[in-house]
Each structure stands twice: as C-alpha cells, then as structure tokens.
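These numbers come from the heavy atoms of this one structure, side chains and all, not from hydrogens, waters or symmetry mates. The chains referred to below are lettered A, B, ... by the order of the sequence lines, with proteins before strands, and numbering in each begins at 1.
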Amino acid sequence: MTDSAATPESTRTPTRPGTKGALTTRVEDFPRWYQEVVARAELADNGPVRGTMVIRPWGYEIWERLQAAIDERIKAAGAHNAYFPLFIPEAFMRLEAEHVEGFDPELWVVTHGGGRQLDEPVVVRPTSETVINHFFAKWIQSYRDLPMLVNQWCNVVRWELRPRLFLRTTEFLWQEGHTAHADEADARAYALRILTDVYRDAIEQVAGIPVLVGHKTARERFAGAVRTWTCEAMMGDGKALQMGTSHELGQNFAKAFGIQYSDATGALRHVWQTSWGASTRLIGALIMAHGDDFGLRLPPALAPVEVVVLCVREDEAVCKAASALFEELRRGGRRVHLDARTDTGFGRRTVDWELKGVPVRVEVGPRDLADGNVTVVARHLRTKETVPLAGVADAVERICRSAGRELRDEALAFREARTATVGSMAEALEAGTAGFVRVPWNKVGEPGELQLAAQALTVRCLQRGDGGLAAAGEPDDALVAVVGRSY
RNA sequence: CGGGCUGUGGCGCAGCUUGGUUAGCGCGCUUGACUGGGGGUCAAGAGGUCGCCGGUUCAAAUCCGGCCAGCCCGACCA
C-alpha cells in the first residue's frame, strides 16, 4: 500500500494535477484524506443533527452488498431475521448491572411524546440485548425451544463525543444477533462460528480485508459479556479497526431476565447466550484499508458498478463501439455503467470514477478504435493495457476475478510489514505507534494496559502465537497480545 | 465537563490589528465558444441580512459586551 506500489512506473503519467480538486495524500494527513474520500466519492454526508449521517446512494449500495454477504452467512449459521422495537423501557436497561454501567453514558432517552411528558421515559436502543431477552424469557420454556437464534438488521443510537462518518456516528446501521443455548459449550461454539464463518469469511473473502481474530481483555470486553471475540484489521495508517464482534454472554442476561428452560429431566435451568454485531463501520474500514491517494478502491464483489465503459469523446464510431461493449459486458453478468457524458471532459470523468473506486474502466477513444482497440484500466493497480475489442470481456473478467484477492494480498503485506514481535513491555511501548505489536500477554497484564493507554495504545485482542483462537479453558497467560492504536 | 480556536455566497478561505464608497479570492455552479487519450482554455453570468442580539460611532464584517453554534485536544465506544 505504498505509493510506489499504487502507481507503477509503467502507467502513462497518471496525474494529480495541480492543487485543485486533488485529494490530500494519506501520508500528509490521513484523517483529512478520509473525509475527502467520503465526500468526493459521494459516500456520505453529515446529517443536520450533530453526529448523524446521511448515507448517499453510492455508499448505501456498498452497504447493501456487505449486508447481503453477511446476511447470507448468518442464515447459513441457522439464525433467522426478526425485528424488535426502537424504543426500550428505561427500566429494562437497568436489569443487568454491567450492561447499565457500560451503556448509561451513551443513552438517548425520550421524555416527551404526543406533546406531554411520558410517565416512564423510553430509551432509544443503543443495542437490543434487553428487549430481545425480555422476549426470550417469554418464548423459551423447554430445551426443545433451544437453541434460539435470532438476528435483526436495524439502526441503533448512541451518544458520541467524537463523531466521524461511518467510524463513529450517533446513529448507525448494523446487524445484531442474539442467541440462547442449552449449555455453555454450545453457546461458545456458536459465538465462534459467527466470528469465523460469518465475520471473518465475509470480511476477508468479500471485502478483501485481512483480519486478526482473538478475544478482548477484560478492559475491552463488551458490557455484560464474559468473553468478547473480535475481528481486527489494520487500516492504511497502521491503526486498528474492530470489524465485527461476537460475545459469549454466559448466563448474565439469562439470570437478569429470568430466561429459563426445563431440561429433559424436568430441571429448570438458565440458558447460555451469545450476541454479535457488525455495522456500517465496515464501510469506513473498506475506505481506509484499500483506499489510495487517488480515492476509493473497491473489491468487485462490493462495487455498485464493476465496470465503467466510457466514451473518450463525442464521436459516432466511439459511441457505437462503447454501447456495443456495454451491452456485451452487461449480458456477461457484470454490473456495467456506460459513461457517454461528452459534455464533461474526459479527464474529469476518469478522475471521478477513480475516486469512486470502480474496479475496471474501459476507455473507448478514436485513436485506439482506429486499430480496433480500447484501453482497459484496473483501478486497484492503475495499470492500463491496450486490448482488441474482441478481448475486452476476457480482460474485464480477469480483473474482476483477481482484484479482490490482490487488494487483500496488498493489505496483508502491508499489515505484516507493520507488525513487530517483541518480548517485553518496554519494547512494546517503543514500537507501538507505527502499527501492531505482538507481545506476550503475561508481560503486559492489567498494569501494562494502563501503561499502554497512556500512549493511546490498547490491546486489540489476545490470540495464540500462531494466530489461532484460545481454546476453552486455555489461560490468557499463554497468549499473545496484539497491541496497536485504534479507531 | 477541563484546555485551545473558529463563525464571511454550495465548499474552502482573505479582509478585522489601524472602522470609510459597489465585501474580495480559489473551487464548485449556469450559459456560450473552442476543446477533448488524466480535473483543458477563453468569455459572460448567478449566488452573501459578514452566526445572533445589543452597544460605541456621522459610519461597523472590522471596535466593545452578551448569547448561540461548530471545530480541535483529553475521559467512552461498533
């Protein structure tokens, strides 16, 4: 993900002309670059209420594709979609001690409705454990009702002090899964299944973002969970972003909400639970993991448009050839867009498509066309090739099939280049700011976490030395802490 | 909530110290022409109660007071 990798010498002088309109480069000012990409690629806008977000069509289509990838995997894991209310009785939030404590500072509470003050204020959901468990208590009676596997796609609202589009907004879209199981082992296995088969798979295979998996330290754990599993990825500035989490809730909520079932012997038992979520933050990750100094780079699987065919300029033969290619690619099953806006300069249009991250551009111009050729450009590598008309479909297929994997390889190489392995706290503190540091957890511990926090460093997750997940009952002392700065 | 800063066309800013005629600039937008293989050129336009309220003054974007809003840095979080 260095500049030299993103702009091979072989390309025909790709330009960032002058100062006008060009993006701030990532090394110059990464947060500013991020904001500019969000704006210029027309992904989102700030809402009129502080911290709120308008997701624009280009951004929303990406979300719909992420959603589809995750939803299909959730269903494969046996959960079903449902919908629970936005408003939660305030009293529900108080039922689980840690949960209240964790969420209290983030709550939005509605005190008025219908022009008068409510007798009992209602909370706007920051997450839905409480309402859903209220119903689980009602729905679950017998071991035959288990496991109960429910998911919902919805918005949630949390008070945020430092909003940033996609990464941290007051209202965001997500999916939250909630399950109840007969025993601890089943709950644990399910939490892990979601972590790896849903989140890791969708994020790596569809979004092309390599992740580290592991569990959170007590300090970073979800409010009310006994164990929080996480997928962590490295962004283009070396900082970490949590991409999806899966919690083992033990029996905390079951006891607080009285979720009990009769087992085969007739004995009354509390269920064991999980909850798990992934949000529109993934779009932020996509931008920051793959974006380059020319804008967004989308893996074809998530791109609203996979191929744009553009007429270099007004010309009968050009437009005819472009339309023919557009039709051919469309029939081939690719999402194609024909850009025949000859009232806008060619340079302007190519830059726009590049900002938006469309994986392939097919440029049809009179010069190439005279020899029966067009120019095909792969966005992620910014490589151009001259291709005969008859070979365009193949060239497009080749790029569409390889781009996602190549983006992932590039992100992985970047992460590895920015990951250090050390043996002590002192070294971890020293190496910590450029990327990830792997350090034995028994050298860190809770006091170490405080020292790290002083430098804005946190333990992103704990995992085995080989990157594997801790087994049931495996003590944290034997594990490695992945340390980094985070969003 | 503690510390630093900013409010001027859609966006980004200058002007304010040292009040003074029609408040400028870049980008964007509109129209036209020439263009056209990486944000092209030229010309003509549209668009602003200078955050709000009050005060000083012959005169306030500019000086004074108050209020409001937003940004950045610290403690929370997907």
Engineer: Once you apply the 3.5 Å cut-off to both distances, tell me the Watson-Crick or G-U wobble partner of U17(B), or none.
Structural biologist: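 In the structure as shown, U17(B) has no Watson-Crick or wobble partner.
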
Engineer: Does A60(B) have a Watson-Crick or wobble partner in any strand here, with both distances under 3.5 angstrom, and which is it?
Structural biologist: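 Across all strands, not a single nucleotide pairs with A60(B).
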
Engineer: Strictly by Watson-Crick or wobble contacts shorter than 3.5 Å, is anything paired with G39(B), and which nucleotide is it?
Structural biologist: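 Looking at the geometry, G39(B) pairs with no nucleotide.
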
Engineer: Taking a pair as Watson-Crick or G-U wobble with both distances under 3.5 Å, which nucleotide is matched to C11(B)?
Structural biologist: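 Partner of C11(B): G26(B).
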
Engineer: Taking the six-membered ring for Trp, are W353(A) and H337(A) parallel (under 30°), tilted (30 to 60°) or perpendicular (over 60°)?
Structural biologist: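 Tilted, since the angle between the ring planes falls between 30° and 60°.
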
Engineer: If pairing requires Watson-Crick or G-U wobble contacts with both distances under 3.5 Å, which nucleotide is the partner of G70(B)?
Structural biologist: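 The base-pairing partner of G70(B), which may sit in any strand shown, is C5(B).
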
Engineer: For the base of G37(B), is there a side-chain donor-acceptor partner from K384(A) under 3.5 Å away?
Structural biologist: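 Flag unset: no donor-acceptor pair detected.
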
Engineer: Give a yes or no on whether a salt bridge exists between R349(A) and D343(A), defined as a side-chain N under 4.0 angstrom from a carboxylate O.
Structural biologist: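 No, R349(A) and D343(A) are not salt-bridged.
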
Engineer: Check every strand shown and say whether P126(A) touches a base, only sugar-phosphate, or nothing at a heavy-atom separation below 4.0 Å.
Structural biologist: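 If one applies the 4.0 Å heavy-atom cut-off, P126(A) turns out to touch nothing in the nucleic acid.
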
Engineer: In this structure, how many angstroms lie between the C1' atom of G37(B) and the CG atom of L369(A), rounded?
Structural biologist: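 Distance, rounded to whole Å: 12 Å.
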
Engineer: Quick one: do the Y34(A) and D29(A) side chains pair a donor with an acceptor below 3.5 Å?
Structural biologist: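 No, no side-chain donor-acceptor pair sits under 3.5 Å.
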
Engineer: Does C71(B) have its OP1 or OP2 closer than 4.0 Å to a side-chain nitrogen or oxygen of R50(A)?
Structural biologist: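 Yes, such a contact exists.
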
Engineer: Sticking with atom C1', work out how far G74(B) lies from C29(B), rounded to a whole angstrom.
Structural biologist: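 After rounding to an integer number of Å, I get 41 Å for this pair.
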
Engineer: Taking NZ, NE, NH1 and NH2 as the nitrogens, is one of them in E385(A) or R398(A) under 4.0 Å from a carboxylate oxygen of the other?
Structural biologist: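 Yes, charged N to carboxylate O under 4.0 Å.
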
Engineer: Indicate, with a heavy-atom threshold strictly under 4.0 Å, whether T169(A) touches base, sugar-phosphate, or nothing.
Structural biologist: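 Here T169(A) touches the bases of the nucleic acid.
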
Engineer: Look at the side chain of R361(A) and the base of G38(B), then say whether one donor and one acceptor between them are separated by less than 3.5 Å.
Structural biologist: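 Result: at least one qualifying N/O pair found.
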
Engineer: For L167(A), which contact category applies under a 4.0 Å heavy-atom criterion: base, sugar-phosphate, or nothing?
Structural biologist: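 Counting heavy atoms under 4.0 Å across all strands, the contact made by L167(A) includes a base.
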
Engineer: In whole angstrom, give me the gap between the P atoms of C52(B) and G9(B).
Structural biologist: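 C52(B) and G9(B) have their P atoms separated by 10 Å.
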
Engineer: Could you point out which residue of R379(A), R26(A), R382(A) forms a side-chain hydrogen bond (donor to acceptor under 3.5 Å, both in side chains) with D292(A)?
Structural biologist: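 Considering R379(A), R26(A), R382(A), a side-chain hydrogen bond (donor to acceptor under 3.5 Å, both in side chains) with D292(A) is found only for R379(A).
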
Engineer: Please give, in whole Å, the distance from A78(B) P to W159(A) CH2?
Structural biologist: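 W159(A) atom CH2 is separated from A78(B) atom P by 18 Å.
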
Engineer: Given the C1' atoms of G47(B) and G28(B), what is the spacing between them in whole Å?
Structural biologist: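 Pairwise C1' distance, G47(B) against G28(B), rounds to 12 Å.
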
Engineer: Under the criteria of a ring-centre distance below 5.5 Å and an interplanar angle below 30°, is F172(A) stacked with the base of A78(B)?
Structural biologist: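 Yes, aromatic ring over the base.
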
Engineer: With a non-hydrogen cut-off below 4.0 angstrom, is T342(A) in contact with a base, only sugar-phosphate, or nothing?
Structural biologist: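 Base, at least one base heavy atom under 4.0 Å.
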
Engineer: Could you tell me whether the phosphate oxygens of C72(B), OP1 or OP2, come under 4.0 Å of any side-chain nitrogen or oxygen in R164(A)?
Structural biologist: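 Answer no for this pair, as no side-chain N or O of R164(A) is under 4.0 Å from OP1 or OP2.
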
Engineer: Taking atom CH2 of W159(A) as the centre, does the number of heavy atoms from other residues, nucleotides or ligands within less than 6.0 Å exceed 12?
Structural biologist: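 Atom CH2 in W159(A) is not crowded, with 12 or fewer foreign heavy atoms closer than 6.0 Å.
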
Engineer: With nearest nucleotide decided by heavy atoms, which residue, T280(A) or E314(A), maps closer to the 5′ end of RNA chain B?
Structural biologist: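 Final value for this comparison: E314(A).
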
Engineer: Looking only at N and O atoms, is any donor in the side chain of R348(A) or the base of G39(B) less than 3.5 Å from an acceptor on the other one?
Structural biologist: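 Answer yes: a donor N or O sits under 3.5 Å from an acceptor.
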
Engineer: Base, sugar-phosphate, or nothing for T344(A), non-hydrogen atoms under 4.0 angstrom?
Structural biologist: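 Base: the residue T344(A), judged by heavy atoms under 4.0 Å, touches a nucleobase.
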
Engineer: When you compare G37(B) with G45(B), how far apart are their P atoms, in angstrom units rounded to a whole number?
Structural biologist: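 Rounded to whole Å, the distance is 29 Å.
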
Engineer: I need the CG-P distance between L310(A) and G38(B), as an integer number of Å.
Structural biologist: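 Distance check: L310(A) CG to G38(B) P gives 11 Å.
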
Engineer: How is G365(A) classified with respect to the nucleic acid when contacts are heavy atoms under 4.0 Å: base, sugar-phosphate, or nothing?
Structural biologist: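 Base, at least one base atom sits under 4.0 Å.
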
Engineer: Does C11(B) have OP1 or OP2 sitting under 4.0 Å from an N or O in the side chain of R40(A)?
Structural biologist: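 So the side chain of R40(A) is outside the cut-off, no N or O lying under 4.0 Å from OP1 or OP2 of C11(B).
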
